Amino acid sequence: MPRPGLGPAAAYPDRRLTVEPVDLAVSALHGSVGDPALNSMNFLNEVAQHYPDAVSLAAGRPYEEFFDSALLHTHLDRFRRHLAEDVGLDRAGVDRTLLQYGRTKGIVHHLIARHLAVDEGLTVDPESIVVTVGCQEAMFLVLRALRTGPADVLFAVAPTYVGLTGAARLVDLPVRPVAGGPDGVDLADLRAGVRRARAEGLRPRGCYVMPDFANPSGVSMDTAQRRRLLELAAEEDLLLIEDNPYGLFPADGTERRPTLKALDTARRVVYLGSFAKTVLPGARVGYVVADQRVGGADGTVVPFADHLAKIKSMVTVNTSPISQAVIGGALLAHDCSLVAANVRERAAYARNLRHLVDGLARRFPAGGPVSWTVPAGGFFVVVSVPFAVDDALLHRSAREYGVLWTPMAHFYDAGTPVGALRLSVSAVTPESIDLGLDRLAALVTDTMAAGVTPECQGSGTVRVS
């Protein structure tokens, strides 16, 4: 049954409706500002703010129980000592590195290279790394560099993380979906899409993939599929943009697989990384590994990273040295191994994932109209239901039932009806999962009783590797 009183009695005001005079028309601004892809994150954040008492199974934020602000000073001091003792800077040099405008490529690139060697078995030149303001900036830099004209097109495995599609809209780079499925990517569909685009006179620039516990699907690629994808990229002369925010969080009994970049022997992969999930989201530090060789008109050859740094210098100038120092100190504290640094977090996410999947099984009968994925790790479970899931239903869920989740429609092209929602296990406790699932079950039961859309029927529990 609905639980009234958990939020505002009416939906929050629609700021689009106004009688005030306007100074600018949306039509006079870049087309992206009116694109649904750019509104998704703000919309979901606003819903959460307007219903603070609702249980949130929506946000893919890191677990907060292990946050400790005292570690900020500890990490900063450790990195200061590193600059003095290992790098050999005097006191003025240390202060200048931390407090002055910094190197555009970053000041912890050498530690990131060590981390990739330790945790991913990946050897990269530190000069092929650009430290960015979160992974979102890394996406933007890569797409901005690749978009050269109206014939350029990007491919992305659907459903696709909204941050990628939003960044592509900002640089006017069309995104064409590639079927995903249980193997992570449908290689035949990707090959056909690339060839079809070329036949249309377009220029495929790359394909965005998230091989480990993808957001939002939770699907992973096995090692053989990763190798096949790399072979296809070589055959079709295609870059792969690999995003890996969740790779360190396999569930119980699941072995970590090599990244695409670790398997890449032909520099086909541009690798995006972030410390938001593994160290501290508030630091807003990410990075991109771009070791592709770029030849200039004058005959010079430099890593792709050098050109990304040029773009960054005109966007954010440099990533906060203080934030980088905190991340650097955290890396040094664990000999640059984030696997070692995230033992507690991995256990918490695995526990929550198991608890949520078991909780769904207790509330919805097997073989019924409600089904869900069973990921091998990461943060997300997708629940399929026999009715359309949209933003209006999310408002109703928050207002009347006291539970938040994410409509899967946000991860597809605008206007596509999707009978599914995404649940996140990362920022909750088992107790709040139980409460949230009780409320979700009430919403689903009441919505089905009000009228089922047959074409949205689920297809049973699906295990995704």
Side-chain angles (χ1 to χ4, degrees), residues 1-3 6-7 44 47-48 51-68 212-220 245-254 256 276-281 339 341-366 368 370-385 394 397-398 400-408 420-445 458 461-465:
M1 295 295 293
R3 299 174 60 86
L6 289 169
L44 295 170
V47 172
Y51 302 99
D53 296 326
V55 175
S56 180
L57 298 175
R61 298 179 174 183
Y63 195 59
E64 297 180 0
E65 295 300 313
F66 303 135
F67 283 0
D68 183 357
D212 291 289
F213 323 123
N215 180 10
S217 69
V219 175
S220 296
Y246 310 104
L248 295 190
F249 303 117
D252 299 336
T254 303
R256 293 184 58 232
K277 308 299 189 295
T278 54
V279 182
L280 184 66
V339 171
N342 281 270
V343 171
R344 296 178 304 174
E345 288 79 0
R346 176 180 174 179
Y349 299 142
R351 175 202 66 197
N352 286 358
L353 181 60
R354 182 172 60 250
H355 196 82
L356 185 135
V357 169
D358 291 345
L360 287 168
R362 289 194 299 271
R363 290 165 177 83
F364 300 104
V370 178
S371 61
W372 54 93
T373 59
V374 184
F379 289 6
F380 307 113
V381 171
V382 177
V383 179
S384 297
V385 293
L394 173 58
S397 177
E400 299 180 15
Y401 293 82
V403 60
L404 294 167
W405 34 265
T406 304
M408 282 294 288
L421 54 95
R422 189 197 73 178
L423 302 179
S424 175
V425 303
S426 59
V428 286
T429 63
E431 294 74 21
S432 58
I433 289 174
D434 284 332
L435 180 58
L437 289 181
D438 284 344
R439 295 175 177 182
L440 177 64
L443 169 70
V444 171
T445 299
T461 301
V462 178
R463 293 191 174 273
V464 293
S465 59

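Just so it is clear, the structure is predicted and the values come from calculations on it, not from any experiment. Every heavy atom of this structure was used, including side-chain atoms; hydrogens, water molecules and symmetry mates were not.
In this structure, Ala350 and Asp252 approach most closely via the heavy-atom pair CB-OD1, 3.3 Å. Contact detail for Ser424 and Ala59: the closest heavy-atom pair is OG-O, 2.9 Å.
Side chains of Leu443 and Glu400 form no contact here, defined as non-hydrogen atoms less than 4.5 Å apart. Contact annotation: the side chain of Arg351 approaches that of Pro430 to within less than 4.5 Å [non-hydrogen atoms, C-beta and beyond]. Between Arg363 and Leu440 the shortest side-chain heavy-atom distance does not fall below 4.5 Å. Pro281 is not listed as a side-chain neighbour of Arg61, based on a closest heavy-atom distance of 4.5 Å or more. Residues Thr373 and Val219 have side chains not in contact (no heavy-atom distance under 4.5 Å, counting atoms from C-beta outward).
For Phe379, the ring pair (Phe, Tyr, Trp, His ring centres under 6.0 Å) test picks out Tyr246, Phe249, Tyr349, with sequence neighbours left out.
With hydrogens and angles disregarded, no donor-acceptor distance shorter than 3.5 Å links the side chain of Arg346 to the backbone of Leu248. Between the side chain of Arg422 and the backbone N or O of Ala58, at least one donor-acceptor pair lies under 3.5 Å. Side-chain N or O atoms of Asn352 include one that pairs as donor or acceptor with a backbone N or O of Val428 at under 3.5 Å. Under a 3.5 Å cut-off, the side chain of Ser56 and the backbone N or O of Leu404 do not form any donor-acceptor pair.
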Could you give me the CA-CA distance, side-chain angles and deciding distance for Val425 and His355, then say whether side-chain contact (heavy atoms from CB on, under 4.5 Å) is met? CA-CA 9 Å; Val425 303; His355 196 82; over 6 Å; no

Could you please spell out the steps behind the side-chain contact (heavy atoms from CB on, under 4.5 Å) verdict for Arg362 and Asp434? CA-CA 11 Å; Arg362 289 194 299 271; Asp434 284 332; 3.7 Å; yes

Can Val383 and Trp405 be said to form a side-chain contact (heavy atoms from CB on, under 4.5 Å), step by step? CA-CA 10 Å; Val383 179; Trp405 34 265; over 6 Å; no

Go through the steps for Leu421 and Leu57 under the test side-chain contact (heavy atoms from CB on, under 4.5 Å), then give the verdict. CA-CA 10 Å; Leu421 54 95; Leu57 298 175; over 6 Å; no

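Between Arg439 atom CZ and Ser432 atom OG the span is 10.5 Å, to the nearest 0.5 Å.
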